[in-house]
Amino acid sequence: MTIVGERKITVNGQTISYIIKRSTRAKHVRLEVGQETGLTVVIPSFYKLKHLPALLESKSNWILGKLTRYGQVQSLSDEKGPKSGDTISYLGRNLEVVKRQNRRNANSIKLERSRLVVAIGSASSRLNLILEQWYRMQAAKLIRERANKLSARLGLTYNRILIRGQKTRWGSCSYKGNLSFNWKLIMAPETVIDYVIIHELAHLKEMNHSKRFWELVAEHCPQWREHKKWLKDHETELADKLSR
Ligand SMILES: [Zn+2]
């Protein structure tokens, strides 16, 4: 095995440095995360390095999860994220985060009226990561459901829906017809989420922000200006919540 070098990649706002090793015996790319060594990427001899960033990005949740467990991703610490007793926004409502110890070795989150009860199984699990996972899951479920309904209403079809953690955008639409949405949208009221979905769906027809585009949005979402303003007003606040 030969060491190719050390590289850096930024995923989900986290900069991770890793060591690349080339192995003649490896048939696939192998990711190793060690307590002391951090991330090591073992690549087969024929593998082209330019493919690596995309591959690492697709595995970013796994990598960050491992590194966090070993305490190697510093800003992922609980000190930065919400603590028990803090309020957190969910579908435009303020919920109180209540942290409990789970006797079984598993994490669970339950929404009880205005409280989000997080039962944490093992001592190493971090509250903000568990919350993020739950938020991502709820976001994926709701956004897929709503996009399905709204696309039928607009008579437009999309290719795929991706839930991402973009730093600066709520949603985007690609030329291939893939719609991406920020999981943090789940903190906004449903009407605002619908607006973002309608906005991206409208891009399937108008790939710009022309007058025709906004007319199409207004046709299906007359209050769009209000929702757009809501997002602008809450941008920093939502980006900071659960930030890592
Ligand atoms: Zn747009």
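Whatever order the structure lists them in is the order used to number ligands and atoms, beginning at 1.
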Please output the side-chain donor-acceptor pairs of residues 217-226 that fall under 3.5 Å, not counting sequence neighbours, one pair per line with the distance.
none

Next on the checklist: Do Met187 and Tyr135 have side chains that approach each other closer than 4.5 Å (heavy atoms only, starting at C-beta)?
Outcome noted: yes
Checklist entry - Going by atom types alone, do Tyr195 and His199 pair a side-chain donor with an acceptor below 3.5 Å? => result yes
Checklist entry - Remaining members of Val117's ILVMFWY cluster at a side-chain heavy-atom cut-off under 4.5 Å? => result Val98
Checklist entry - With clusters built from Ile, Leu, Val, Met, Phe, Trp and Tyr whose side-chain heavy atoms come within less than 4.5 Å, directly or transitively, what are the remaining members of the cluster of Phe46, listed by chain and number? => result none
Checklist entry - the Zn ion (ligand 1): which protein N, O or S atoms are under 2.8 Å away? => result His199 NE2, His203 NE2, His209 NE2
Checklist entry - What class does the angle between the rings of Trp230 and His234 fall in, given that below 30° is parallel, 30 to 60° is tilted and above 60° is perpendicular? => result parallel
